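Worksheet: the structure to be examined is printed underneath.
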Amino acid sequence: MIRDTLTQLLAQSITAAGFEVPEQLEIEPPRDPRHGDLATNVAMVLASRLGQPPRKIAEAIVAEFPDAAMVTGIDVAGPGFINFTLSPAWLQQALARCLAEGTRYGCSDQGGGERVQVEFVSANPVGPIHIGNARGGPYGDVLANLLQATGYQVEREFYVNDGPHNTQAQIFGRSLQARYRELLGLPFEFPEDGYRGEYVVEMAREIIQRDGDKYADLPQDEAGARKFFEMALPEIVAAMREDCHALGIDFDNWFYESQLYETGEVQREIERLLQKGAAYEKDGAIWLRTQEYGDDQDRVLVRADGRPTYIASDVAYARNKFNRGFERAIYVLGPDHAGYIPRMKAAFAAIGIDPQRLEILMYQNVRLLEGGQVLSLSKRKGTLVTMREIVESVGRDAARFFLLMRSAESHLDFDLDLARSESEDNPVYYVQYAHTRVCGIQREAQAQGYDPAAEADLSLLTAPQELALLRKLAQYPDEVALAAASRAPHRLTHFSRELAQTFHQFYTACRVLDKDNPSLSAARLKLVTGTRIVLANLLGLLGVSAPERM
RNA sequence: GCGCCCGUAGCUCAGUGGAUAGAGCAGCGGCCUUCUAAGCCGUCGGUCGCCCGUUCGAAUCGGGCCGGGCGCGCCA
């Protein structure tokens, strides 16, 4: 990559100028493109250590900088920045590389084949996936795509909280049983904090259609509720799978919490913790010493009535993940799990899992806007907006793009009207339209008899808009690497808009197919093909379609 | 009360300790005889919530305050 090569050359010239190379040598694209393609602050860093004027140091370094074909200009600017301008020759070479690598352009092997599991969505199996969980879907999915593209072996996992002691499953089972009895005209009691969504009534109706009043005699207690939950579970999981699929998300593995109980892993983990002294008994319950590892208090592992809490199965689950050979486990969690993070980190430290191998990423809430109003959502009233409804309302492409536009730690306003609008305002169309225009040019070129495989003289690409587009294409691999490393899929949506904009500007300024200038046309066609490759790769990472016509 | 996240243009948000803080939308004014105008160009718009500190340099790091969101169960 550009940066690596330049970093080496820079280090050489720093040494040649008689300075010590700082351990962190930073070369970054400056915010203002007028300051060149890449810039370093190394002279200022050295200046404060040596007590010399930064510009003087910068000039000494620049004087030692070897001639390199890739760089056309090196300037000392501002307080002491060294700015590099990449030569058109280098940019043209980057395009050649892009054309050669095709769908692989932008990929790297920095992950070194490390096995990573990304667990995301993992909504409680008590109903459809709603918008609160939905944001984690595209986020986890695109993060997984990014890691794959940068050389990791990635597995996507959905954790199904169907454990026998899950309180939410209990409440859901009781709600379903109540609806079932209600429909049959039997006496029933609807739980106070029960699930009031219409889907629960429909599920009860389906059970009656299938099995009639077969379950009328089941007691209205924990066991009865559990039975109803288990009856509904396959259907709920199937629906969640379909909902995710509709958003373009397909998990490699659906892991069931109940499995951890069936295999005895939860029990074994509890015993191991007691033996190690990481857990202790108090007030009839078993507590995990998470406070020693930074939690604000110890946490109950096993309730006084003998039933383990979710922490017990989560700890067993974490060990299970690493036993399956993953070197790194990434958790993508919603904002309601904020308090869970220190707790789980402490728990994992207590069981001896290297916290370095465990990453917990959190995203913030989504607010839905429609007609300029914030939609108020309530689980109690059953007015949750589901992921399925979003996809059906705005389409998969817009749903994914909009959910990915903001950084995860920032609250997200999802404007349904804007996402639905097939207009210039919609950023998804802006990007897709660039791809469509590329395809239009290629169609026209084919009709006019251009040979897409023909050699072209890329050195003819020197117009400002051509160079700007070349720069953008050359920048792409660094951008993918950065988005992956900083776990920031939203960078891709921003980059895709920038690339689309640069292309639209090129399109407006530079006529590609010109009968009077066949060699320039051939070169521009290569640039257009490169743009198509990067747009398609980018949209592919985002899981958004790249249409040939709109 | 404690913890996590956020506070940047009228709105929604980018911004890796660097240079004159950016984009989209909204507003105003232009551009279709040519590969799709779902596009392009110009213009207006800022005490980066406030204060103090660290630094050669702070929207960015630290402390304190103010404002908003979320979380603080032997629920998950």
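What you see is a predicted model, and the numbers here were worked out from it, not measured in a lab. Sequence lines set the chain letters: A, B, ... in the order given, protein chains first and strands last, and positions in each chain run from 1.
As rounded to the nearest Å, B:G53 and B:U60 have C1' atoms that lie 15 Å from one another. The separation of B:G17 from B:G62, taken at their P atoms, amounts to 12 Å, rounded to a whole angstrom. For the P atoms, the distance linking B:C52 with B:G45 amounts to 28 Å, nearest Å. Spacing of C1' atoms, B:C50 relative to B:G3, comes out at 23 Å, to the nearest Å. For the C1' atoms, the distance from B:A37 to B:G46 is 32 Å, rounded to whole Å.
In this structure, CG of A:Asp417 is placed 22 Å from P of B:G24, rounded to the nearest angstrom. Atom pair A:Tyr507:OH and B:U34:P shows a separation of 10 Å (rounding to whole Å applied). Rounded to whole angstrom, the span from the CD1 atom of A:Ile360 across to the P atom of B:C5 amounts to 13 Å.
A:Tyr429 contributes no side-chain N or O that forms a donor-acceptor pair with the base of B:A38 under 3.5 Å. Applying the 3.5 Å distance criterion, the base of B:A19 shares no donor-acceptor pair with the side chain of A:Asn41.
Applying the Watson-Crick and G-U wobble criteria (two distances, each under 3.5 Å), B:U47 pairs with nothing in any strand. B:C72: Watson-Crick or G-U partner is B:G1, with both key distances under 3.5 Å. Under the Watson-Crick and G-U wobble criteria, each requiring two contacts below 3.5 Å, nucleotide B:G57 is left unpaired. Partner assigned to B:C25 is B:G10, using Watson-Crick or G-U wobble distances below 3.5 angstrom. Across all strands shown, the partner of B:G39 is B:C31, judged by Watson-Crick or G-U wobble contacts whose two distances both fall under 3.5 Å.
Note on ring orientation: taking the six-membered ring where Trp is involved, the planes of A:Phe414 and A:Phe402 are tilted (angle from 30° to 60°).
For CD of A:Gln291, the number of neighbouring non-hydrogen atoms (other residues, nucleotides, ligands) closer than 6.0 Å is greater than 12.
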Could you pull out every donor-acceptor pair under 3.5 Å between side chains of residues 517-527 of chain A and any protein atom, sequence neighbours left out?
{"unit_1": "A:Asn517", "atom_1": "OD1", "unit_2": "A:Leu520", "atom_2": "N", "d": "3.4"}
{"unit_1": "A:Ser521", "atom_1": "OG", "unit_2": "A:Val512", "atom_2": "O", "d": "2.9"}
{"unit_1": "A:Ser521", "atom_1": "OG", "unit_2": "A:Asp514", "atom_2": "N", "d": "2.9"}
{"unit_1": "A:Ser521", "atom_1": "OG", "unit_2": "A:Asp514", "atom_2": "O", "d": "3.2"}
{"unit_1": "A:Ser521", "atom_1": "OG", "unit_2": "A:Asn517", "atom_2": "O", "d": "3.1"}
{"unit_1": "A:Arg524", "atom_1": "NE", "unit_2": "A:Glu466", "atom_2": "OE2", "d": "2.5"}
{"unit_1": "A:Arg524", "atom_1": "NH1", "unit_2": "A:Arg511", "atom_2": "O", "d": "2.7"}
{"unit_1": "A:Arg524", "atom_1": "NH2", "unit_2": "A:Glu466", "atom_2": "OE2", "d": "3.1"}
{"unit_1": "A:Lys526", "atom_1": "NZ", "unit_2": "A:Pro452", "atom_2": "O", "d": "3.1"}
{"unit_1": "A:Lys526", "atom_1": "NZ", "unit_2": "A:Ala454", "atom_2": "O", "d": "3.0"}

